[in-house]
2 protein chains.
Amino acid sequence: MVTIKDVANMAGVSVATVSRVINETGYVHADTRKKVESAVQQLNFKPNEVARSLYKRKSRLIGLLLPDITNPYFPQLARGVEDRMQENDFRLIFGNSDENKQKEMDYIQTFIQNNVVGVISSTNYPDTDTYLKLKIPVVFLDRTLGDSPSVYSDGREGGRLAAQEMLARGSKRITIMQGPAHIRPAQDRFQGAIEVLEESGLPYHIIRTSSFSFHDAESSAKELFHKYAGTDGIIASNDIAATAVLHEALRLGLKVPDEVQIIGFDDIPLSRLLSPSLSTIRQPSYEMGREAANLLIQLIEQTNVANKNIQFPVQFVERDTTRKVD
Amino acid sequence: MVTIKDVANMAGVSVATVSRVINETGYVHADTRKKVESAVQQLNFKPNEVARSLYKRKSRLIGLLLPDITNPYFPQLARGVEDRMQENDFRLIFGNSDENKQKEMDYIQTFIQNNVVGVISSTNYPDTDTYLKLKIPVVFLDRTLGDSPSVYSDGREGGRLAAQEMLARGSKRITIMQGPAHIRPAQDRFQGAIEVLEESGLPYHIIRTSSFSFHDAESSAKELFHKYAGTDGIIASNDIAATAVLHEALRLGLKVPDEVQIIGFDDIPLSRLLSPSLSTIRQPSYEMGREAANLLIQLIEQTNVANKNIQFPVQFVERDTTRKVD
DNA sequence: CCTCTTTGTGTAACCGGTTACATGTATACG
DNA sequence: CGTATACATGTAACCGGTTACACAAAGAGG
């Protein structure tokens with residue numbers, strides 16, 4: 001491995017001078033700089049980030065914690081984060097938490113041990129000691145807590161929108177799927193939908209789902225049509241759940257959207273590819289990822305941050321699991 | 001930050017002794033160990049990985065390089081890698097290469113600067129100097145090069161399978177989509193399909209596609225039906241392409257699978273959710289990710305590795321874009 | 001021409017661990 | 001009982017950078 005010492009030797013200067021050149025700090029004579037740069041070139045010297053990190057007590061690493069990259073909602077988020085971080089030469093240590101507190105805490109722990117300078121986390125436990133005691137900036141992605149820095153979308157409004165569109169399109173016996181209890185955004189959108197349905201005075205049903213896996217979604221969908229056979233509109237907890245519902249509806253020979261309308265949440269890439277394509281409430285996940293990264297960078301670089309809680313608007317995407325109105 | 005020195009002070013021993021306790025090396029008196037362990041507990045001491053890494057010149061970090069996590073084929077792979085690495089307390093530095101050589105080299109560079117102990121890469125450029133000169137083990141995932149460690153599936157056999165199933169199901173005017181030229185596995189499966197069709201003596205057509213993005217796949221699909229309107233069987237370069245083809249076929253009012261059969265490649269989660277669900281050649285991507293991680297761990301830990309080139313079998317998954325035979 | 005400031009460079013401490021080596025004590029064995 | 005060996009622990013060098021500080025030379029100002 002080529003070290004700063006090798007460069008110093010070749011250039012005939014001390015390591016301090018080499019350090020000054022590569023970091024552009026302090027005074028260095030133009031001629032000296034030339035010699036050093038030439039040596040750096042010839043030896044193809046790249047400073048060891050670990051040594052740097054040890055002395056400075058900070059690295060160029062960021063911890064990114066997501067529930068499960070295998071859930072189609074998250075790759076977009078991750079990609080947004082990565083792209084933005086890349087622009088500022090930060091690297092990501094990445095982990096899947098499976099919504100599991102212990103796994104999450106373990107990850108945070110090793111992030112710290114590796115001197116990461118910031119964390120982006122899509123956690124259900126933002127108010128855990130581990131987070132509260134962290135001495136480095138954290139951005140909560142897709143989750144919020146007080147005025148801790150966070151990037152999320154307007155779940156409640158999304159739920160409201162879904163219910164409104166459902167009503168506007170004539171469903172009368174709506175069923176709302178309530179996502180996992182410990183996942184905040186799932187509850188927000190659920191509340192939003194409930195609000196609108198309460199205001200409408202129409203009857204409605206609720207189905208609880210325990211996770212966002214496709215497998216669980218399938219059983220919930222079965223349960224739903226079994227329990228509430230007459231339902232004519234389903235507000236799903238997300239697009240995965242909506243997909244399962246759509247499948248079950250088609251399997252039962254129900255006409256979508258004529259007999260049952262379905263609205264999902266997220267707008268994952270899959271949604272437009274289904275047949276019929278899925279109407280849904282869109283969250284701009286790539287942009288959210290980028291923005292979370294952006295916010296974290298600002299926090300790290302101490303530039304005074306105007307807005308530490310960034311809420312993205314959601315939007316109804318009309319496709320083919322809802323009827324047309326005009 | 002709690003350092004080893006703090007622990008040493010509290011326990012009334014030297015840092016060397018603390019180090020011996022936490023690493024379980026050398027001799028330590030049982031009583032001393034007790035005192036140290038108690039101090040470690042009370043102070044909640046976690047050794048700084050950066051300091052460790054600097055001295056040992058190796059970390060517990062692994063570099064993972066994938067083309068694009070947003071492509072639904074890769075999350076499974078990534079998850080497999082992560083799960084296996086997690087079991088052995090390795091962490092991942094993750095990057096998207098976008099099949100871009102420069103970006104890839106930059107990533108490898110910073111991996112090295114961070115003392116990663118191994119790399120898993122799904123690269124198109126395995127024979128670049130950057131890889132050849134690496135002093136740490138590399139496992140090529142979904143790609144091969146000579147007898148460099150690699151984990152991949154039998155693309156050629158997959159192509160053959162697709163063509164055989166297509167023929168067995170009665171398609172006579174088959175079109176094969178040739179994936180991006182620089183992506184090896186895409187070419188392998190293409191070759192496999194060509195072989196079988198050549199053997200069959202039936203005429204066939206070829207459509208070239210430039211990338212695996214859905215957008216490009218859509219234009220290729222349009223071009224395909226425009227140029228070869230009479231085609232009655234399409235062997236797509238992957239499931240994304242197959243999805244685009246399926247959509248275009250339905251849009252044109254073609255009956256799938258009666259008038260056109262479609263076979264994809266990969267078996268991404270989306271495939272079974274389409275309507276009609278997509279028949280495809282399955283690669284066990286999660287297992288491949290796990291196995292790549294497993295192989296890399298063996299390589300890192302120097303246990304003598306029996307087989308450094310692990311080929312996974314592929315398998316035809318019969319769904320609804322192909323006709324039934326019996 | 002003398003003093004003050006700016007420029008330029010090197011020496012060595014430091015970051016937080018690991019480990020080679022020295023040293024001392026306890027135990028084993030002839 | 002003397003010596004070889006196992007056990008126990010501390011001191012200090014080391015990993016590869018960064019930077020405080022010391023010092024010298026050059027330029028500026030009166």
Side-chain angles (χ1 to χ4, degrees), chain A residues 1-37 39-40 43-61 89 109-117 135-136, chain B residues 1-37 39-40 43-61 89 109-117 135-136:
Chain A
M1 178 191 273
V2 182
T3 73
I4 198 173
K5 215 171 264 177
D6 301 325
V7 176
N9 286 148
M10 178 177 247
V13 299
S14 74
V15 293
T17 300
V18 177
S19 182
R20 288 190 196 103
V21 171
I22 60 182
N23 293 299
E24 303 182 57
T25 56
Y27 293 113
V28 179
H29 192 92
D31 296 351
T32 313
R33 168 169 293 120
K34 279 264 165 59
K35 280 190 297 183
V36 171
E37 281 168 350
V40 166
L43 296 171
N44 189 30
F45 168 70
K46 306 286 174 190
N48 182 321
E49 279 296 330
V50 176
R52 267 191 179 161
S53 169
L54 179 59
Y55 184 86
K56 299 193 148 192
R57 292 201 210 64
K58 46 170 82 171
S59 66
R60 299 295 292 177
L61 297 173
D89 294 321
Q109 183 60 63
T110 61
F111 287 168
I112 300 302
Q113 290 176 270
N114 283 285
N115 281 5
V116 302
V117 281
K135 289 179 198 66
I136 52 172
Chain B
M1 177 191 273
V2 181
T3 72
I4 198 172
K5 215 172 265 177
D6 301 323
V7 177
N9 286 150
M10 176 176 248
V13 299
S14 73
V15 293
T17 300
V18 177
S19 181
R20 287 188 198 104
V21 171
I22 60 182
N23 293 299
E24 302 182 59
T25 56
Y27 293 115
V28 179
H29 192 94
D31 297 351
T32 312
R33 167 169 294 117
K34 278 264 163 59
K35 283 190 294 181
V36 172
E37 280 167 352
V40 165
L43 297 172
N44 190 29
F45 168 71
K46 305 287 173 187
N48 182 321
E49 278 296 330
V50 176
R52 264 190 180 161
S53 167
L54 179 58
Y55 183 86
K56 299 192 148 191
R57 292 203 211 65
K58 46 170 82 171
S59 66
R60 299 295 291 178
L61 297 172
D89 293 322
Q109 182 61 63
T110 61
F111 287 169
I112 300 303
Q113 290 177 267
N114 283 285
N115 282 3
V116 303
V117 282
K135 289 179 197 66
I136 53 173

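Reminder, nothing fancy here: chain letters follow the sequence lines and each chain counts from 1. From a predicted model like this one, the values you see are computed outputs, not experimental measurements. Hydrogens, waters and symmetry mates are skipped; everything else that's a heavy atom, side chains included, is used.
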Problem set entry | side-chain hydrogen bond (donor to acceptor under 3.5 Å, both in side chains) partners of A:Asn23, counting only residues at least two apart | A:Ser19, A:Arg52
Seminar exercise, completed: With sequence neighbours left out, the residues meeting side-chain hydrogen bond (donor to acceptor under 3.5 Å, both in side chains) with B:Asn115 are B:Ser53
Seminar exercise, completed: Comparing B:Tyr27 with A:Val2, nearest DNA chain D nucleotide closer to 5' gives the residue B:Tyr27
Exercise. Using a heavy-atom distance cut-off of less than 4.0 Å, which residues of residues 52-59 of chain A contact DNA chain C?
Worked result: A:Leu54, A:Tyr55, A:Arg57
Exercise. Heavy atoms under 4.0 Å, any strand shown: does A:Thr32 hit a base, just sugar-phosphate, or nothing?
Worked result: sugar-phosphate
For this session: Give one of base, sugar-phosphate or nothing for B:Val13, where a contact means two heavy atoms less than 4.0 Å apart.
Result: sugar-phosphate
4.5 Å side-chain heavy-atom contact, [X] and [Y]:
| X | Y | answer |
| --- | --- | --- |
| B:Thr110 | A:Arg60 | no |
| A:Phe111 | A:Ile136 | no |
| A:Leu43 | A:Met10 | yes |

For this session: To the nearest 10°, let me know how far the axis at one end of the helix from C:dC1-D:dG30 to C:dG30-D:dC1 is tilted from the axis at the other, five pairs an end.
Result: 40°
For this session: Apply the test side-chain contact (heavy atoms from CB on, under 4.5 Å) to residues B:Asn48 and B:Thr3: give CA-CA distance (whole Å), side-chain angles for both, the deciding distance (0.1 Å), then the verdict.
Result: CA-CA 8 Å; B:Asn48 182 321; B:Thr3 72; over 6 Å; no
Distance-minimising heavy-atom pair for [X] and [Y]:
| X | Y | value |
| --- | --- | --- |
| B:Val2 | B:Val7 | CG1-CG2, 4.5 Å |
| A:Val116 | A:Ser59 | CA-OG, 3.6 Å |
| A:Leu61 | A:Asn114 | CD1-O, 4.1 Å |
| B:Ala8 | B:Val15 | CB-N, 3.8 Å |
| A:Ile22 | A:Phe45 | CD1-CE2, 3.9 Å |

For this session: Enter the distance from B:Thr17:OG1 to B:His29:NE2 here, rounded to the nearest 0.5 Å.
Result: 12.5 Å
Exercise. Does A:Asn9 use its side chain to pair, donor to acceptor, with the backbone of A:Asp6 at less than 3.5 Å?
Worked result: no
For this session: At the 4.0 Å heavy-atom cut-off to chain B, mark where contacts on DNA chain D begin and end, going 5' to 3'.
Result: D:dA6 to D:dG16
Problem set entry | Sub-4.0 Å heavy-atom contacts from residues 16-24 of chain A onto DNA chain D, ordered by number | A:Ala16, A:Ser19, A:Arg20, A:Ile22, A:Asn23
